[in-house]
Amino acid sequence: MEFLSSHYPEGVGFIIRENHRVEPRRNIFLICTPCKDCQAIMKVLLLKDPKEDDCGQDPYVRELGLYGLEATLIPVLSFEFLCLPGLSEKLSHPEGYGGLIFTSPRAVEAVERCLQKDTKAEVWKRSLKEKWNAKSVYVVGHATASLVNRIGLHTEGETCGSAEKLAEYICSRESSALPLLFPCGTLKREILPKMLKDKGIPLESVTVYQTIPHPGIQGNLTSYYTQQGVPASITFFSPSGLTHSLKHIQELSGDSIGQIKFVAIGPTTAHALAAQGLPVSCTAESPTPHALAAGIRTVLQPHAC
C-alpha cells in the first residue's frame, strides 16, 4: 500500500511493506485511505534537545513520522561546562594516556570547546588528533560516536548501549598500563569506573560539565498540553530529565496520566522510571531513532495494519 503523506514535501511519500516496515519513496502520488484503526495520528512527546542531521531534521522525529506518529521535542536539561582549561591541558598530552572514553554527547562537546580555544584547533589537526587516533577511543552509542568522528577521532564500542556494557567491552580488550582519560559530568554513574578498577584498568576521570534544569521546562510543557492535549506516550532520555520534568507532567496530565505510555531510551532510565512508581511500557532495544520508534509503535499500535 502506497500513499502520499502530509508530513513530507510534495512528491515524497512512503511505502508500507508486508512486514509493516515503512520506507520513504519519492514521486508517489497515489493516495489511499488507510484502514479505520490507523486514521488517527497519535502524538508522542520526546523530552530531549532537537538535533538536526544532514537532512535538516531531527532523526527521532523523522523515524517516528515514518510510523505515522507525530513527535514533539521539548528540552528538559541544560548544561554548564566546567574545568575546560584542565581538560585542554590533558588533551595536549596524549602520551600520558592509554585512550579516551566518552559516554555522553556533552563530554564530546566539552572537547570541541577546548579545540576552539586559541591555537588548539591547529595543533589538534597537525599532530594531536593523529596521536589520539593511535590509541583506543571508546564510546557509548552511535549518536556519541558520530560526534567523536566529527572531531576526527575513530571510535570503538559504539554498539554498546550502556556504560556497563562498554565497561565490559573495555575490560575484554584493554591492556595498557596508562590511564584512560574519561571526560564526564557531575551525574556520572560509578558503574564504569568501578568495573574498570576491579579489573585493574587505570582511569582518570575529569568532570567537565554539570546538568541543570532547562529554564523553559514548565512553560514549554504547559504550552504543549494546552495546544496538543495529553500525549499518547512520553519518552525520557535520562534519569535527570525525568527528575526535572515529572512533577510538571503529573500536574498537567491530572487523572489522564494513566493513559500515557511511558518509554525509556535505555535500561538506566527505565530503572529511574520504575523507582518513581511509573509503569515502563517500553525500553528501546538500543539508543537509536529506529529502535525507539519501533518500540513506541509496538506499544501504541500493536495491531497496526
Side-chain angles (χ1 to χ4, degrees), residues 45-52 58 60 72-93 97 100-121 124 128 132 137-141 143-153 155 162-163 166 179-193 203-224 234-249 264-266 268-269 272-273 276 287:
L45 181 58
L46 309 183
L47 300 181
K48 68 177 289 291
D49 288 332
K51 296 285 177 63
E52 291 185 358
D58 185 277
Y60 285 92
T72 300
L73 307 176
I74 294 181
V76 293
L77 300 175
S78 292
F79 303 90
E80 293 180 346
F81 290 93
L82 313 166
C83 307
L84 294 188
L87 174 61
S88 182
E89 178 65 19
K90 295 177 188 300
L91 292 170
S92 298
H93 297 283
Y97 298 95
L100 282 161
I101 299 177
F102 293 102
T103 58
S104 73
R106 219 59 57 182
V108 186
E109 185 178 344
V111 171
E112 285 184 304
R113 287 175 176 247
C114 290
L115 300 182
Q116 295 168 1
K117 300 291 185 180
D118 303 323
T119 60
K120 179 69 73 174
W124 178 263
L128 289 179
W132 280 111
V137 180
Y138 300 107
V139 300
V140 171
T144 301
S146 66
L147 295 176
V148 176
N149 295 154
R150 195 169 68 186
I151 61 176
L153 296 179
T155 62
S162 67
L166 181 64
L180 297 171
L181 181 59
F182 180 31
C184 55
T186 54
L187 299 180
K188 79 175 190 302
R189 297 176 67 217
E190 292 300 324
I191 188 165
L192 185 146
L203 180 73
E204 185 175 325
S205 301
V206 53
T207 301
V208 295
Y209 69 92
Q210 64 179 352
T211 305
I212 60 176
H214 191 283
I217 292 179
Q218 185 172 7
N220 290 335
L221 284 172
T222 299
S223 295
Y224 176 86
I234 299 177
T235 300
F236 295 91
F237 284 75
S238 68
S240 52
L242 169 65
T243 298
H244 296 309
S245 61
L246 180 57
K247 177 183 176 182
H248 304 305
I249 289 170
I265 192 63
T268 302
T269 304
L273 279 163
Q276 292 287 348

Could you report the tightest heavy-atom contact between [X] and [Y], atom names first, then the distance?
X: Ile217; Y: Pro213; value: CD1-CB, 4.2 Å
X: Thr211; Y: Thr186; value: N-OG1, 3.9 Å
X: Trp132; Y: Val137; value: O-CG2, 4.1 Å
X: Ala163; Y: Leu192; value: O-CD1, 3.7 Å
X: Asp58; Y: Asp49; value: OD2-O, 4.0 Å
X: Pro183; Y: Leu87; value: CG-CD1, 4.2 Å

State the [atom1]-[atom2] distance between [X] and [Y], to the nearest 0.5 angstrom.
X: Leu82; Y: Gln210; atom1: CG; atom2: CD; value: 5.0 Å
X: Leu77; Y: Ser240; atom1: CG; atom2: OG; value: 4.5 Å
X: Ile101; Y: Ser205; atom1: CD1; atom2: OG; value: 8.0 Å
X: Tyr60; Y: Leu73; atom1: OH; atom2: CG; value: 10.5 Å
X: Leu128; Y: His93; atom1: CG; atom2: NE2; value: 9.0 Å

Close side-chain approach of [X] to [Y], heavy-atom, < 4.5 Å:
X: Leu100; Y: Val148; value: no
X: Pro239; Y: Arg189; value: no
X: Phe237; Y: Leu46; value: yes
X: Val139; Y: Leu147; value: no
X: Val111; Y: Leu153; value: no
X: Ile234; Y: Leu47; value: yes
X: Phe79; Y: Ile212; value: no
X: Leu203; Y: Pro179; value: no

Verify, without hydrogens or angle tests, whether [X] (side chain) and [Y] (backbone) share a donor-acceptor contact under 3.5 angstrom.
X: Ser88; Y: Leu84; answer: no
X: Trp124; Y: Ile151; answer: yes
X: Ser223; Y: Asn220; answer: no

| message | Less than 3.5 Å apart, any donor N or O on the side chain of Ser92 or Lys120 sitting next to an acceptor on the other? | response | yes

| task | Assess the side chains of Ser104 and Tyr209: does a donor N or O sit below 3.5 Å from an acceptor N or O? | result | yes

